[in-house]
2 protein chains.
Amino acid sequence: MDLPTVKVERLYRQISNILITYIRDGHFAPGQLLPGERDLAKQLGVSRSSVREALIALEINGWVDIRTGHGVYVAQKLPDETEVPANEEVGVESLMEARGVIEGEIAAMAAKKATESQLAEMAGLIEAMEAEIGDRAAFHDHDRRFHALISAMTGNPVFVEITDLLWKKRQSPHYTEFEKQYSGEAVARSMCTDHRAILDALRARDGKAAKSVMQKHIRNAQSKLFGARAR
Amino acid sequence: MDLPTVKVERLYRQISNILITYIRDGHFAPGQLLPGERDLAKQLGVSRSSVREALIALEINGWVDIRTGHGVYVAQKLPDETEVPANEEVGVESLMEARGVIEGEIAAMAAKKATESQLAEMAGLIEAMEAEIGDRAAFHDHDRRFHALISAMTGNPVFVEITDLLWKKRQSPHYTEFEKQYSGEAVARSMCTDHRAILDALRARDGKAAKSVMQKHIRNAQSKLFGARAR
DNA sequence: ATGGTCTACTGGCCGGACCAGTGGACCAAC
DNA sequence: GTTGGTCCACTGGTCCGGCCAGTAGACCAT
């Protein structure tokens, strides 16, 4: 038997949901002044405390703008409804496929735009990484910085942000579990080799090579870290 | 003269900041039970109401887990400190460059993976769009759905999410101002032509063509919507 | 071992009180 | 007419004390 769990939704949640519905449906237009807290409490049949808690929830999520002595105004620019889908769980294959395509292109672009100082920074990064084989956390962090640096080389902040997004998707518990196998020093060493190959391609300003080496690197990572489901 | 604005921080904000600091500094470990609301109020020298408001703020942001009858627990997984970097303003050139590269690749992949029903859906979408030349809002929305559909064709949720992110970056007030020139029916008609060309390439399962047509489309959009800074 | 009861917690909610910020109405002085 | 006071009717901000409901553990009778 599988009884449904009874839910008791806290009052402030109910109230804020009601208000959000009203705002979204246009009963309260952006910029409009809401009824006072006392009125809302009376109309909703709850105490003023609960209304205040609901309003604070709305304020935090950007639905309203509370101004002391004035009242509560509906926000001019309504917040994203997306409700923090933040780290939606996503399959290893999907993630790695996307990384291969996107980071491959980024590497190609980086080969053409990287400055000498960035290339030098990357060389230092790789050396530090090689010195840290064994320390999983430090290694992991350097790996992240390596990929972030490549996107920075494009000079395009959008690529930086997307690389960051891709990396974050790898932080979910589901993944970190897989990465226990990360421990193997052989794996770490192989990744360093990949990184060096990428650096070489960047230095040679060879976009095509950078792209293919990067894609190879990501396929390696997939098969070695998350099992051999790579194509 | 440029006097600084005096700030009066609301109590619940101060309290939650204090608690966040304590949690982050490890005085309250993840999973640990916090002092009761009454104790906190006494220790902080404020009323229980204010403490409750602060706790609700923390709960919304995922710092704590409030359980009726038990107490308030520090969350196991502390929330991202990233504090809504959400829609960082970004230059038109950067955004369009990124879109060209990424959506180009996506289109190429979509050409290989799109199902017949998705292609049919896209055809319908284009027709609807052509019927709406003139209605800016509806047109804009259909445009978004068009690009979202292409990423859905890849069958990879990561691409869908990234396309969504790219689109959101276009919503900032800075951009929507530019898009006033959107009004021109000639521009709208030209975009429909581009969309049709993309659909043709997808139907032909020609990844290379899909990619180049998509990139051309995005360059067109840049020059026509945001001025002719395209290369 | 089981199941009831009591009790001492916890958060959830209430309503009334007072304080502080705000802006408009009003008025006197210049 | 403009300026600057005073007053007042609002608003949200904060506090208090009370009561309810959910919880867990101690205790006890079965």
Side-chain angles (χ1 to χ4, degrees), chain A residues 3-20 22-23 28-76, chain B residues 1 3-20 22-23 27-76:
Chain A
L3 289 175
T5 309
V6 293
K7 59 162 188 259
V8 271
E9 194 169 25
R10 296 176 58 192
L11 247 192
Y12 88 84
R13 258 288 167 227
Q14 298 182 45
I15 298 174
S16 57
N17 283 336
I18 292 177
L19 293 178
I20 286 178
Y22 267 66
I23 292 176
F28 296 133
Q32 181 181 342
L33 182 60
L34 257 56
E37 295 180 349
R38 295 163 177 85
D39 284 346
L40 280 178
K42 191 168 296 181
Q43 292 183 37
L44 292 168
V46 298
S47 75
R48 193 181 156 208
S49 325
S50 301
V51 171
R52 282 184 58 76
E53 292 179 351
L55 289 177
I56 286 177
L58 293 186
E59 184 188 34
I60 290 177
N61 288 322
W63 286 97
V64 299
D65 184 18
I66 301 179
R67 287 195 288 199
T68 308
H70 289 256
V72 181
Y73 294 84
V74 178
Q76 290 290 353
Chain B
M1 195 128 133
L3 289 176
T5 309
V6 293
K7 58 160 188 262
V8 270
E9 196 169 23
R10 299 229 257 140
L11 248 193
Y12 89 84
R13 257 288 168 227
Q14 297 182 46
I15 297 174
S16 58
N17 283 336
I18 290 176
L19 293 178
I20 287 178
Y22 266 65
I23 293 176
H27 294 91
F28 296 133
Q32 181 180 341
L33 182 60
L34 257 55
E37 296 180 348
R38 296 165 176 83
D39 284 347
L40 278 178
K42 192 168 294 181
Q43 292 182 38
L44 292 168
V46 296
S47 76
R48 194 181 155 207
S49 324
S50 301
V51 170
R52 280 183 59 76
E53 292 180 352
L55 288 177
I56 286 178
L58 292 186
E59 185 188 34
I60 290 177
N61 288 321
W63 286 96
V64 299
D65 185 19
I66 300 179
R67 287 195 289 197
T68 308
H70 290 255
V72 181
Y73 294 84
V74 179
Q76 290 290 353

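Just so it is clear, the structure is predicted and the values come from calculations on it, not from any experiment. Quick note on labels: first sequence line is chain A, next is B, and so on, each numbered from 1.
- Think of the region where chain A sits on DNA chain D: with heavy atoms and a 4.0 Å cut, that region ends 5' and 3' at D:dT11 to D:dT14.
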Only distances under 3.5 Å count here; give the side-chain donor-acceptor pairs of residues 34-42 of chain B to other protein atoms, sequence neighbours excluded, each with its distance to 0.1 Å.
| residue | atom | partner | partner atom | Å |
| --- | --- | --- | --- | --- |
| B:E37 | OE1 | B:R48 | NE | 3.0 |
| B:E37 | OE1 | B:R48 | NH2 | 3.1 |
| B:E37 | OE1 | B:R52 | NH1 | 3.4 |
| B:E37 | OE2 | B:R52 | NH1 | 3.1 |

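- At a threshold of 4.0 angstrom between heavy atoms, the contacts of B:I66 are confined to the sugar-phosphate backbone, with no base atom among them.
- Rounding to the nearest 0.5 angstrom, the gap separating the OG atom in A:S16 from the CD1 atom in B:I60 is 7.0 Å.
- In summary, of the residues considered (A:S47, A:S49, A:S50), a side-chain contact (heavy atoms from CB on, under 4.5 Å) with A:L11 occurs for A:S50 alone.
- Residue contacts shown for A:R52 include a base, since a base heavy atom lies under 4.0 Å away.
- In terms of position along DNA chain C, the nucleotide closest to A:E9 lies nearer the 5' end than the nucleotide closest to the other residue of the pair A:E9 and A:H70.
- Nucleic acid contact for A:T68: sugar-phosphate only, since backbone atoms but no base atoms lie under 4.0 Å from a heavy atom of the residue.
- The CG atom of B:L19 lies 6.5 Å from the CG atom of B:L44; values are rounded to the nearest 0.5 Å.
- Classification of A:R13 and B:E59 as a salt-bridged pair fails, no side-chain N sitting under 4.0 Å from a carboxylate O.
- For the pair A:I66/B:R10, a side-chain contact is recorded, criterion being any heavy-atom separation below 4.5 Å from C-beta on.
- Annotation: side chain of A:I56 is not in contact with side chain of A:Y12 (no heavy-atom distance under 4.5 Å).
- Heavy atoms of B:S50 sit under 4.0 angstrom from primed sugar atoms or phosphate atoms, though from no base atom.
- Under the side-chain hydrogen bond (donor to acceptor under 3.5 Å, both in side chains) criterion, A:D65 pairs with no residue, sequence neighbours left out.
- Contacts between residues 31-44 of chain B and DNA chain C, counted as heavy-atom distances below 4.0 Å, involve B:G36, B:E37, B:R38.
- The nucleotide range of DNA chain C contacted by chain A, defined by atoms under 4.0 angstrom from heavy atoms of the protein and reported 5' to 3', is C:dG12 to C:dG23.
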Pair A:V46-A:Q14, side chain to side chain contact (heavy atoms under 4.5 Å, CB included): steps then yes or no: CA-CA 11 Å; A:V46 298; A:Q14 298 182 45; over 6 Å; no

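- Between A:L55 and A:V64, the closest heavy-atom pair is O-CG2, 4.0 Å.
- For residues 39-59 of chain A, there are no ring pair (Phe, Tyr, Trp, His ring centres under 6.0 Å) pairs, not counting sequence neighbours.
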